[in-house]
Amino acid sequence: MSEHLDQTRAPIHEALERFRDMRVVPFDVPGHKHGKGNPELAAFLGERCVGIDVNSMKPLDNLCHPVSVIREAEELAAEAFGAAHAFLMVGGTTSAVQSMVLSSCKRGDKIILPRNVHRSVINALVLCGAVPVYVNPEVDQRLGISLGMRREQVMKAIRSHPDAVAVLVNNPTYYGVCSDLRAIVWMAHEAGMLCLADEAHGTHFYFGDSMPVSAMAAGADMAAVSMHKSGGSLTQSSLLLIGPAMNPGHVRQIINLTQTTSGSYLLMSSLDISRRNLAMRGRRVFSKVIDMAAYAREEINAVGGYYAFGQELINGDSIFDFDPTKLSVHTRDIGLAGIEVYDILRDEYDIQIEFGDIGNILAYLSIGDRPQELERLVSALAEIKRRYHRDSSGLLSQEYIDPEVVLSPQAAFYASKRSMPLMDSAGYVCSEFVMCYPPGIPILAPGERITKEILDYIAYAKAKGCSMTGPEDPRIENINILDEGGMPFGAVVQ
């Protein structure tokens with residue numbers, strides 16, 4: 001790869017513009033034929049949009065085996081993000097995370113990871129049969145949020161499981177908390193293990209002087225980067241980055257196991273254009289985002305009752321660093337669960353924030369936000385406090401409950417199972433997921449024992465209005481548990 005590529009270029013976008021000018025007659029898919037076969041779709045999305053919703057062809061390259069414009073776009077992305085290679089992903093960061101795990105682990109392999117991972121990580125373990133070794137994160141008791149992995153805990157897990165093949169790190173968590181990534185990379189490599197980073201919420205770390213360290217800068221072997229979250233590309237578009245120790249040909253084969261053979265050029269061109277935008281303007285723009293977040297935290301804290309937390313939480317270990325763009329706000333002290341504030345903001349103030357859980361809300365700030373919109377959010381929060389403030393006694397605060405892992409996710413997911421009422425399931429082993437979405441971190445995952453504490457939490461979250469997902473039962477009144485007679489041998493996690 002050339003040392004200095006032209007980051008002002010967007011080769012996929014340029015190829016699509018050339019294609020548009022050719023006025024090609026389509027006797028291929030997609031069947032809407034540049035929108036002519038579906039006028040309502042064309043009217044809704046616009047003719048320019050549907051006109052470039054095309055299939056792979058020689059002038060436009062092929063995502064499964066790129067040799068021209070897609071390859072060029074990947075090389076530009078790799079340089080912009082400081083990676084040895086970058087892959088354009090059109091199945092969301094879920095697909096990138098799963099490809100990352102599947103590239104590193106096979107059936108029976110151990111992988112060290114925090115339990116507060118996105119469900120896509122555990123889904124990948126269901127697919128490949130790897131066994132999780134959980135490093136249970138510390139919890140901030142006041143905020144009720146899970147933190148990062150302590151260095152001592154990671155080292156203990158590595159020494160206790162020297163046969164593990166990889167360590168996975170959230171960089172950052174949904175709330176903006178970062179572990180000591182450089183130290184964890186060093187520990188993993190010293191033990192002969194790979195280090196993987198879920199950077200779904202860390203795209204901007206690559207384009208800021210006052211940001212926590214990015215995975216590639218820290219020497220991680222792979223990173224799943226959600227460009228559509230803070231990077232400005234279309235929803236469902238993402239990047240998978242790898243370091244020099246990984247074989248890009250093998251990783252491409254793993255990606256092609258699950259990623260579509262009909263890659264969307266709308267998504268790929270959005271990645272291409274967004275990478276160019278970040279390479280040219282990212283540092284300047286994210287500097288403004290940091291300033292806006294700092295201003296909003298100060299204003300919200302001045303309202304009283306709320307706590308918009310930030311870098312003052314840094315303790316050098318379980319909170320080694322903090323994402324300065326994050327606007328996470330603790331709401332419990334005004335007597336409202338975070339999900340209640342989330343609902344009020346949307347229903348009564350026409351403000352849609354990222355998520356609310358039982359104690360906090362998160363307003364996601366990125367390249368498209370403006371100061372006047374933050375002023376509206378601050379004013380709404382002040383008014384909500386005035387209108388709805390009540391005694392906070394009786395509100396739960398704990399967001400994370402240590403799991404008891406009985407079986408590997410794959411063994412539990414595919415084992416013989418039966419359904420029973422959720423509230424009667426304490427003591428049984430779960431065979432499916434239960435989570436609030438967002439953020440998509442499982443409360444229960446396949447292979448974990450159901451406890452009264454977990455059931456109380458689920459009941460409380462449902463009562464407060466959290467969006468629960470995961471089980472086969474859409475009403476989440478029943479749950480699938482392992483049929484004791486069908487428990488597979490050799491599947492118990494030690």
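Any value given below was found using the heavy atoms of this structure, including those in side chains, with hydrogens, waters and symmetry copies removed.
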Practice task
Could you tell me whether the side chain of Glu14 reaches within less than 4.5 Å of the side chain of Val69, counting heavy atoms only?
Solution key: no
Practice task
Quick one: do Lys106 and Asp109 satisfy salt bridge (Lys or Arg N to Asp or Glu O under 4.0 Å)? Show the steps, please.
Solution key: CA-CA 6 Å; Lys106 61 182 184 302; Asp109 284 344; 3.6 Å; yes
Problem - Cationic N near anionic O, under 4.0 Å, Lys156 to Glu152 - result: no
Handout entry: Rounded distance (nearest 0.5 Å) linking atom NZ of Lys229 with atom OG1 of Thr93
Key = 4.5 Å
Practice task
Measure the CD1-OG distance between Ile441 and Ser146 for me, rounded to the nearest 0.5 Å.
Solution key: 5.5 Å
Exercise for the section: Flag the pair Ile122 / Val117 as yes when at least one side-chain heavy-atom distance between them is below 4.5 Å, and no otherwise. Expected result: yes
Practice task
Kindly state whether the ring of Tyr206 and the ring of Phe81 have centres lying under 6.0 angstrom apart.
Solution key: yes
Completion exercise
Distance col, row Leu102:CG vs Gln253:CD, nearest 0.5 angstrom, shows 13.0 Å
Fill in the blank from the handout: In terms of heavy-atom contacts, His204 and Asp323 come closest through NE2-OD2, 2.7 Å
Problem - More than 12 heavy atoms of other groups within 6.0 Å of Arg107 CZ - result: no
Practice task
Flag the pair Asn360 / Thr331 as yes when at least one side-chain heavy-atom distance between them is below 4.5 Å, and no otherwise.
Solution key: no
Handout entry: Lys417 bridged to Glu432 by N-O distance under 4.0 Å
Key = no
Exercise for the section: For His118 and Asn170, test the side chains for any donor-to-acceptor distance below 3.5 angstrom and give the result as yes or no. Expected result: no
Practice task
Kindly compute the distance separating CG (Leu16) from OG (Ser269), expressed to the nearest 0.5 Å.
Solution key: 5.5 Å
Problem - Between Ser274 and Ser233, a side-chain donor and acceptor under 3.5 Å - result: no
Practice task
With sequence neighbours excluded, give me every ring-ring contact (aromatic ring centres under 6.0 Å, His included) pair touching residues 87-107.
Solution key: His85-Phe87
Problem - Reference residue Leu240; test side chain to side chain contact (heavy atoms under 4.5 Å, CB included); the match among Val225, Val251, Val97, Ile254 - result: Val251
Practice task
Please work out whether the ring planes of Phe309 and Phe322 are parallel, tilted or perpendicular, with thresholds of 30° and 60°.
Solution key: perpendicular
Practice task
Could you pull out the closest heavy-atom pair between Asp317 and Arg151, with the gap in Å?
Solution key: OD1-N, 2.9 Å
Exercise for the section: Go through the steps to decide whether Val165 and Met193 satisfy the test side chain to side chain contact (heavy atoms under 4.5 Å, CB included), and finish with yes or no. Expected result: CA-CA 5 Å; Val165 299; Met193 302 175 189; over 6 Å; no
Exercise for the section: Would you check, one step at a time, whether the test salt bridge (Lys or Arg N to Asp or Glu O under 4.0 Å) holds for Glu74 with Arg252? Expected result: CA-CA 12 Å; Glu74 290 183 340; Arg252 177 84 68 190; 2.7 Å; yes
Practice task
Report the distance from atom CZ of Arg115 to atom CE of Met149, rounding to the nearest 0.5 Å.
Solution key: 14.0 Å
Exercise for the section: Indicate whether any N or O donor in one side chain lies under 3.5 Å from an N or O acceptor in the other, for Ser230 and Ser366. Expected result: no
Problem - Passing option when Glu354 is tested against Tyr342, Tyr364, Tyr174 for side-chain hydrogen bond (donor to acceptor under 3.5 Å, both in side chains) - result: Tyr174
Practice task
Please report the C-alpha distance between Leu327 and Leu374 in whole Å, then the side-chain angles of each, then the deciding distance to 0.1 Å, and finally whether the side chain to side chain contact (heavy atoms under 4.5 Å, CB included) criterion is met.
Solution key: CA-CA 10 Å; Leu327 184 55; Leu374 274 175; 4.0 Å; yes
Practice task
Could you tell me how the ring of Tyr175 sits relative to the ring of Phe355: parallel (under 30°), tilted (30 to 60°) or perpendicular (over 60°)?
Solution key: perpendicular
Handout entry: Closest contact, heavy atoms only, Leu239 versus Met89
Key = C-CG, 4.0 Å
Handout entry: Qualifying side chain to side chain donor-acceptor pair (under 3.5 Å) pairs, either residue in residues 95-105, two or more places apart
Key = none
Problem - Any Val167 side-chain heavy atom under 4.5 Å of Ile111 side chain - result: no
Exercise for the section: Please say whether more than 12 non-hydrogen atoms of neighbouring residues, nucleotides or ligands are located less than 6.0 Å from CZ in Arg71. Expected result: no
Handout entry: Minimum-distance pair of heavy atoms, taken over all atoms of Ala77 and Ala86
Key = CB-CB, 3.9 Å
Handout entry: Shortest non-hydrogen contact between Asn55 and Pro30, atoms and distance
Key = N-CD, 4.0 Å
Exercise for the section: Sequence neighbours left out, what passes side-chain contact (heavy atoms from CB on, under 4.5 Å) with Val126? Give chain and number order. Expected result: Pro409, Phe413, Tyr414
Fill in the blank from the handout: CG of Asp272 to CD1 of Ile12, rounded to nearest 0.5 Å, is 4.5 Å
Problem - Pro212 and Phe205, any side-chain heavy atoms less than 4.5 Å apart - result: yes
Exercise for the section: Would you mind reporting whether Ile70 and Tyr265 have side-chain heavy atoms less than 4.5 Å apart? Expected result: yes
Handout entry: pair Asp140-Leu147: side-chain heavy atoms closer than 4.5 Å
Key = yes
Practice task
Measure across Val101 and Cys128 and return the closest heavy-atom pair with its distance rounded to 0.1 Å.
Solution key: CG1-SG, 4.4 Å
Problem - Student check: side-chain heavy atoms of Glu199 and Ser214 closer than 4.5 Å - result: yes
Handout entry: Lys288 and Asp291 ion-paired at < 4.0 Å
Key = no
